[in-house]
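A short write-up of the structure that comes next.
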Amino acid sequence: MKNLVVGAGLSGAVLANLLATILDEKVLVIDRKNHIAGNIYDYKDENTNITVHKYGPHSFHTNNGKVWNYLSKYTKWHYLFLKTNVIIEGNCVTVPFNLTTLHQLFSQNLANKFEEKLISKYGYGVKIPILKLKEADDEDLKFLAKYVYENVFEKYTMKQWGLKPEEIDESVTARVPIYISYDNRYFQDKYQGIPINGYTKMVENILNHPNIEVLLNTDYKSINEKFDRVFYSGAIDEYFDYKFGELPYRSLNFDIQTLNKEYYQKTAVTNYPNNYDFTRITEHKYFLDEKSDKTIISVEYPEKFELGKNDRYYPISNPRNHDLYDRYKKEAEKTPGLYFIGRLGDYKYYNMDLAVERIFEFFEKEINK
Ligand code: FAD
Ligand code: UDP
């Protein structure tokens, strides 16, 4: 079998690896970028020796032992629990908004009152999406929900999506729930970390097999050769020349700066819901605890995706877009041996672990039958 994988991001790399190692088949992997790893690409900055996440902060986390063990064959880990801050009324406090945040922002009496009410209504250790907390009928919890909604979610979401929290799929804001706990980590998954030599090296190792050939700076459109199977991890609407219309995406623009100081902020990521046009600032040296008398930050500006101007980063989940995606998917099913995979091919807001899990499932269900 001759296989073509379009896209050397995490999804494409894992699929190529399974085809090469389990089925012992030849795979050509192409990517139109000049590097592998797609959005998880990182590089070592020459001047500072700091590893930079070019396309935004990436922290690996999963509860899936199979995914963790698989990736652990290709990298060792720097064990890290991501901690994130948010600027509220000029104060740098913990996010996801939790019991620590309450005590950082409010007087002792008020914070104790909110804490008791949250624990007695929902229970300790419970996560409540903001849109659920807003439904509380208790006057104090209503006040708290309005405060968190306005100070953490409303303006951040407007910047990130161009829409209000109620106008986007509720699973999106539920990614960062109100957490009734003193656990200050951004994620609670069992396995968390950063590949010790970077994500790019991990993907390079996943692709490193005699059956796999990688061609960079190569767009699918430039391939004339015929393949038995094509696995496409790019955008499905682009593949079909937008014949049913464009699928919308959000994009980002990163202003990457080297600063002549040892540290800029207290944690890897600080969110700015209420001020400025950017959503967050990432300080890269925290991910691998790298030492330098300089530091590198990226300031992240959300944008609308526009063809030819910027890259696709986030699919926008809503019924209209899913219907449009389904039309393209039905069209794809007419061509035997053509498969769509990955965050763009599936039009799904996958974290890295879900991207890998989805490839495992796809491979077992569709290919290794
Ligand atoms: P991609 O990385 O997008 O790869 C697709 C590849 O296909 C690209 O390299 C592209 O160049 C190539 N391609 C597309 N079309 C063509 C074509 N026509 N011809 C040739 N090549 C083509 N996940 C986490 O688990 N933790 C995090 O902390 C986290 N943070 C994130 C932060 C940001 C800002 C973003 C945007 C995502 C984050 N993610 C995070 C999600 C993570 O980036 C994705 O799960 C992962 O990158 C998906 O990989 P993929 O291979 O599906 O897609
Ligand atoms: N969000 C927010 N304020 C924050 C953090 C997150 O409003 O301080 C909302 C926002 O809508 C965002 C979503 O929660 O798009 C998911 O946040 P996450 O940090 O998971 O975004 P990602 O890292 O995937 O960009």
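In listed order, ligands and their atoms are each counted from 1.
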Of all protein heavy atoms, the one nearest atom 9 (O) of ligand 1 is Asp31 OD2, 2.6 Å

Among Gly7, Pro57, Ala13, Gly38, which one has a heavy atom closest to atom 30 (N) of ligand 1? Pro57

Any side-chain heavy atom of Lys266 within less than 4.5 Å of one from Glu283? no

Output the distance between atom CG (Asn85) and atom CG (Asn91), rounded to the nearest 0.5 Å. 11.0 Å

Scan side-chain atoms only and decide if Glu303 and Tyr313 contain a donor-acceptor pair under the 3.5 Å cut-off. no

If you round to the nearest 0.5 Å, how far is NZ of Lys159 from CG of Asn275? 7.0 Å

Best match, His61, Arg312, His58: closest heavy atom to atom 39 (N) of ligand 1: His58

Any idea which atoms of ligand 1 are less than 4.0 Å away from a heavy-atom of Lys33? 11 (O)

Within a distance under 4.0 Å of any heavy atom of Gly234, pick out the atoms of ligand 1 and give their elements. 14 (C), 15 (N)

Can you tell me if Thr218 has a non-hydrogen atom under 4.0 Å from ligand 1? yes

Below 4.0 Å from ligand 1: does a non-hydrogen atom of Arg280 turn up there or not? yes

I'd like to know if the side chain of Arg280 pairs up with that of Asn271 as donor and acceptor (distance under 3.5 Å, no hydrogens or angles considered). no

Assess Glu154 for proximity to ligand 2: is some non-hydrogen atom of it under 4.0 Å away? no

Thinking salt bridges, do Asp241 and Lys221 make one under a 4.0 Å N-O criterion? yes

If we number the atoms of ligand 1 from 1 as shown, the ones under 4.0 Å from a heavy atom of Ile40 are 43 (O), 47 (O)

Any N/O pair Val86/ligand 2 closer than 3.5 Å: no

With a 6.0 Å cut-off on the ring centroids, do Tyr70 and Phe360 count as close? yes

Ligand-side contact atoms (ligand 1) for residue partner Gly9, heavy atom cut-off under 4.0 Å: 4 (O), 51 (O)

Can you figure out which of Asn351, Ile168, Val172 has its heavy atom closest to atom 13 (C) of ligand 2? Val172

Are Tyr199 and His53 near enough that their ring centres are under 6.0 Å apart? yes

Salt-bridge test for Lys54 and Asp42: reply yes if a basic N is under 4.0 Å from a carboxylate O, no otherwise. no

Using a 3.5 Å cut-off on N or O atoms only, is Tyr349 in polar contact with ligand 2? yes

Ignoring angles and geometry beyond distance, decide whether Asn271 reaches within less than 3.5 Å of ligand 2 through its nitrogen or oxygen atoms. yes

Hey, are Tyr349 and Asp169 close enough side-chain-wise for a donor-acceptor pair under 3.5 Å? no

Please could you name the atoms of ligand 1 that Tyr314 approaches to less than 4.0 Å, counting only its heavy atoms? 33 (C), 34 (C)

Within less than 4.0 angstrom of ligand 1, does Tyr232 place any heavy atom? yes

What's the shortest distance from atom 23 (O) of ligand 2 to any protein heavy atom, and which residue and atom give it? Arg280 NH1, 3.0 Å

In the protein, which heavy atom is nearest to atom 25 (O) of ligand 2, and how far is it? Tyr314 OH, 2.5 Å

Using a 4.0 Å cutoff against the non-hydrogen atoms of Asn39, which atoms of ligand 1 qualify? 2 (O), 3 (O), 43 (O), 47 (O)

Using a strict cut-off of 4.0 Å, indicate which atoms of ligand 2 neighbour a heavy atom of Gln160. 15 (O)

Residue portion contacting ligand 1 (non-hydrogen atoms closer than 4.0 Å) for Lys348: neither

Proximity of Leu354 to ligand 1 by residue part, where a heavy atom lies under 4.0 Å: neither

How far is atom 19 (O) of ligand 2 from its nearest protein heavy atom, and which residue and atom is that? Tyr186 OH, 2.6 Å

Quick note on ligand 1: atoms under 4.0 Å from a heavy atom of Leu252 include exactly 34 (C)

Ring pair (Phe, Tyr, Trp, His ring centres under 6.0 Å) assessment of Tyr55 paired with Phe254: CA-CA 7 Å; Tyr55 304 104; Phe254 296 97; 7.2 Å; no

Close-contact set for ligand 1 against Tyr55 heavy atoms, below 4.0 Å: 33 (C), 34 (C)

Check this for me: does any side-chain nitrogen of one of Glu238 and Arg312 sit under 4.0 Å from a carboxylate oxygen of the other? yes

Pairwise side-chain contact, Tyr328 with Asp237, heavy-atom cut-off 4.5 Å (strictly under): yes

Below 4.0 angstrom, N of the basic side chain to O of the carboxylate: do Asp289 and Lys291 qualify? yes

